[in-house]
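Here's the structure, in structure tokens; my notes come after.
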Amino acid sequence: MGRKIVRQLWVFTILLLVSINLCCNLVHGEPQVPCYFVFGDSLSDTGNNNGLLTLARVNYPPYGIDFPRGPTGRFSNGRNLVDVIAELLGFSHYIPPFATARGLKILEGVNYASGAAGIRDESGRNQLIRISFNQQLLNHQITVNRIASLMRNNRPSAVQYLGKCIYTVGIGSNDYINNYFVPRLYSTSRKYTPDQYAGVLIQEFSEQLRRLYKTGARKIALFGIGAIGSTPFEVDMCGGTNISSLLCSAKINTAVQLFNERLKSLVTDLNTNLIDAKFTFIDYFGIGLSSAAASAGSMVSDAPCCEAESETGLCVPFSTPCKNRTQYSFWDAFHPTEISNVVVGRRAYKATLPTDAVPYDISHLAQV
């Protein structure tokens, strides 16, 4: 009985420390949730690839030119999508990458995202080392164990705590641009039609998300894949802007939409069949298209802001980017500028259209 009381007091102390830390953030706005965990690819990576032998690494200028700490491994000129969401949730700091997250900081969340990562383990192997979604889930289990350890191995308390957190998962792009649509390196396009491949991806993704749920995750926002066929890199790979190249870009976007439609159905299925599950779908594709239409004529959307390498689509190291970065949709040939991330992040947090987030946006997800 004595040990049980000591354990409960220790858990209370840890949670009190977290609460004090959150209260110290009041000057920036108190966080709406105790923690935020991030899974995904380069759209969410904040430095996990920095120490890896990989082509998908951007811890050099001009990346981070508008970020307070300079080049950190973010695939943008400034904040990325999950940085924006962290701010909107009220965090005074950005969620640290798993590669460097230590101590009590993990109680406020960890970012596991990795550039070139995919749902399938082989996706992105042409970019060398990356941390697949399966490995990200294993890394999260390490964090869960550490949190339980901080709570004197009181797993029920740890699970209860994790159930209050927000989780975002934005992955799948590399299963297309670094897998399905690279037939010289991958056989998936010969094995599956686009519809079949979307089904295969969703089946594996479903199993992975159920594993995440079993660790205690309950409030999970799933980002659909964006219009990757319309990125400067893919448009260039398709041959430019003639009719045949436009059909090529449309073919990629149509394949992605097959995945997105199945992902919406998966959200409904998970919420129906998993107790207390609160999954939601964020329509990255639709938000991007409607935002582009609204800013037509005022934003450059057919070219990157920085000088991009033809092989990787990433910025040439130490090159000089455009000066009017708030007028460009794309930072490099694949990734959005900070201003584009702000637009998507804000609409993911607080939906502008009913289709932006289904069944609820992230601001409501934090409250349910």
Side-chain angles (χ1 to χ4, degrees), residues 40-45 55-56 58 75-76 80-81 113-120 122-127 130 133 169-183 185-186 188-189 192 194-195 197-198 200-202 205 222-241 245-264 281-293 299-305 308-315 328-337 340-341 343-344 348:
D41 51 32
S42 54
L43 294 175
S44 304
D45 191 349
L55 298 176
V58 293
F75 289 70
S76 187
N80 66 15
L81 174 61
S114 170
I119 294 169
R120 294 170 68 92
E122 82 271 12
S123 295
R125 70 184 176 202
N126 49 308
Q127 303 297 318
R130 69 277 172 222
F133 188 39
V169 184
I171 203 159
S173 295
N174 289 297
D175 295 291
Y176 286 94
I177 58 178
N178 280 309
N179 191 325
Y180 193 76
F181 288 109
V182 190
L185 298 178
Y186 300 91
T188 44
S189 61
Y192 308 109
D195 189 58
Y197 187 59
V200 167
L201 286 179
I202 289 296
F205 199 27
L222 306 179
F223 281 84
I225 303 174
I228 54 178
S230 302
T231 61
F233 185 89
E234 293 300 329
V235 170
D236 186 60
M237 289 292 289
C238 283
T241 56
S245 66
L246 291 176
L247 290 173
C248 169
S249 295
K251 178 182 177 182
I252 297 172
N253 286 338
T254 299
V256 162
Q257 280 293 65
L258 292 171
F259 173 88
N260 288 337
E261 288 302 317
R262 287 177 180 260
L263 185 55
K264 291 180 193 176
F281 171 79
I282 307 296
D283 187 13
Y284 195 112
F285 193 106
I287 292 173
L289 286 187
S290 61
S291 298
M299 294 285 287
V300 178
S301 59
D302 59 353
C305 173
E309 295 181 333
S310 59
E311 290 297 316
T312 65
L314 301 178
C315 297
Y328 275 74
S329 297
F330 291 97
W331 166 241
D332 57 26
F334 276 121
H335 304 97
T337 49
S340 295
N341 287 324
V343 170
V344 176

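Reckoned from all heavy atoms, side chains included, excluding hydrogens, waters and symmetry mates. Being a predicted model, the structure only gives us computed values, none of them experimental.
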Does Ser230 form a side chain to side chain donor-acceptor pair (under 3.5 Å) with Asn253? I'd like the steps, not just the answer. CA-CA 8 Å; Ser230 302; Asn253 286 338; 3.0 Å; yes
Test side chain to side chain donor-acceptor pair (under 3.5 Å) on Thr188 and Asn179; report intermediate values, then the result. CA-CA 7 Å; Thr188 44; Asn179 191 325; 2.6 Å; yes
Report the C-alpha distance between Thr231 and Glu234 in whole Å, list the side-chain angles of each, state the deciding distance to 0.1 Å, and finish with yes or no for side chain to side chain donor-acceptor pair (under 3.5 Å). CA-CA 5 Å; Thr231 61; Glu234 293 300 329; 5.1 Å; no
I'd like to know whether Phe281 forms a side-chain contact (heavy atoms from CB on, under 4.5 Å) with Asp283, so could you lay out the CA-CA distance, the side-chain angles of the two residues, the decisive distance to 0.1 Å, and finally the verdict. CA-CA 6 Å; Phe281 171 79; Asp283 187 13; 3.6 Å; yes
Does Leu43 form a side-chain contact (heavy atoms from CB on, under 4.5 Å) with Asn80? I'd like the steps, not just the answer. CA-CA 7 Å; Leu43 294 175; Asn80 66 15; over 6 Å; no
Can you list the steps and then say if Leu55 with Asn126 is a side-chain contact (heavy atoms from CB on, under 4.5 Å)? CA-CA 9 Å; Leu55 298 176; Asn126 49 308; over 6 Å; no
With side chain to side chain donor-acceptor pair (under 3.5 Å) as the test, would you mind laying out the steps for Tyr284 and Asn260 before giving the verdict? CA-CA 9 Å; Tyr284 195 112; Asn260 288 337; over 6 Å; no
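Thr337 and Ser76 make their closest contact through C-OG, 3.6 Å (heavy atoms, listed as atom of the first residue, atom of the second, distance). Taking all atoms of both residues into account, the shortest heavy-atom contact from Phe259 to Ile202 is CE1-CD1, 3.6 Å. Nearest heavy-atom pair across His335 and Phe75 is CB-O, 3.2 Å. Scanning all heavy atoms of the two residues, the minimum distance from Gly313 to Ala308 falls at O-CB, 3.7 Å. Taking every heavy atom of both residues into account, Ile228 and Ser173 meet most closely at CG2-OG, 4.0 Å. When every heavy atom of Gly172 is checked against every heavy atom of Tyr176, the shortest pair comes out as O-CD1, 3.4 Å.
Looking only at side-chain heavy atoms (C-beta outward), Ile171 and Phe205 come within less than 4.5 Å of each other. Proximity of Asp175 to Tyr197: side-chain heavy atoms (C-beta onward) are separated by under 4.5 Å at one or more points. Taking 4.5 Å as the limit, every side-chain heavy atom of Ile177 sits out of range of all side-chain heavy atoms of Phe233. Contact of the Trp331 side chain with the Pro304 side chain is not registered, since no non-hydrogen atoms from C-beta on lie closer than 4.5 Å. Put simply, the side chain of Val58 does not reach to within 4.5 Å of the side chain of Ser42, judged on heavy atoms. Side-chain atoms of Val169 and Phe133, non-hydrogen and from C-beta on, do get closer than 4.5 Å to each other.
A distance of 11.5 Å separates CD1 in Ile252 from CG in Leu247, rounded to the nearest 0.5 Å. Note that CZ of Arg130 is 7.5 Å distant from OG of Ser123, once rounded to the nearest 0.5 Å. In this structure, CG in Leu81 is found 13.0 Å from CG in Asp45, a value given to the nearest 0.5 Å. How far CZ of Phe330 is from OG of Ser340: 7.5 Å, rounded to the nearest 0.5 Å.
Between Tyr186 and Asn178, the side chains place no donor N or O within less than 3.5 Å of an acceptor N or O (distance only, hydrogens not considered). With 3.5 Å as the limit, one finds no donor-acceptor pair spanning the side chains of Gln257 and Thr254.
By the 4.0 Å N-to-carboxylate-O rule, Arg262 lies close enough to Asp195 to be salt-bridged with it. Under the 4.0 Å criterion applied to side-chain N and carboxylate O atoms, Glu122 and Arg125 are not assigned as salt-bridge partners.
Without hydrogens or angle criteria, Tyr328 side chain to Asp302 main chain gives no donor-acceptor distance under 3.5 Å. With Ser290 contributing its side chain and Ile287 its backbone, the two residues share a donor-acceptor pair below 3.5 Å.
In this structure Ser245 satisfies the side chain to side chain donor-acceptor pair (under 3.5 Å) test together with Asn242, sequence neighbours excluded.
By the neighbour-count criterion of 12 heavy atoms within 6.0 Å, atom CE of Met237 is sparsely surrounded, having that number or fewer from other residues, nucleotides or ligands.
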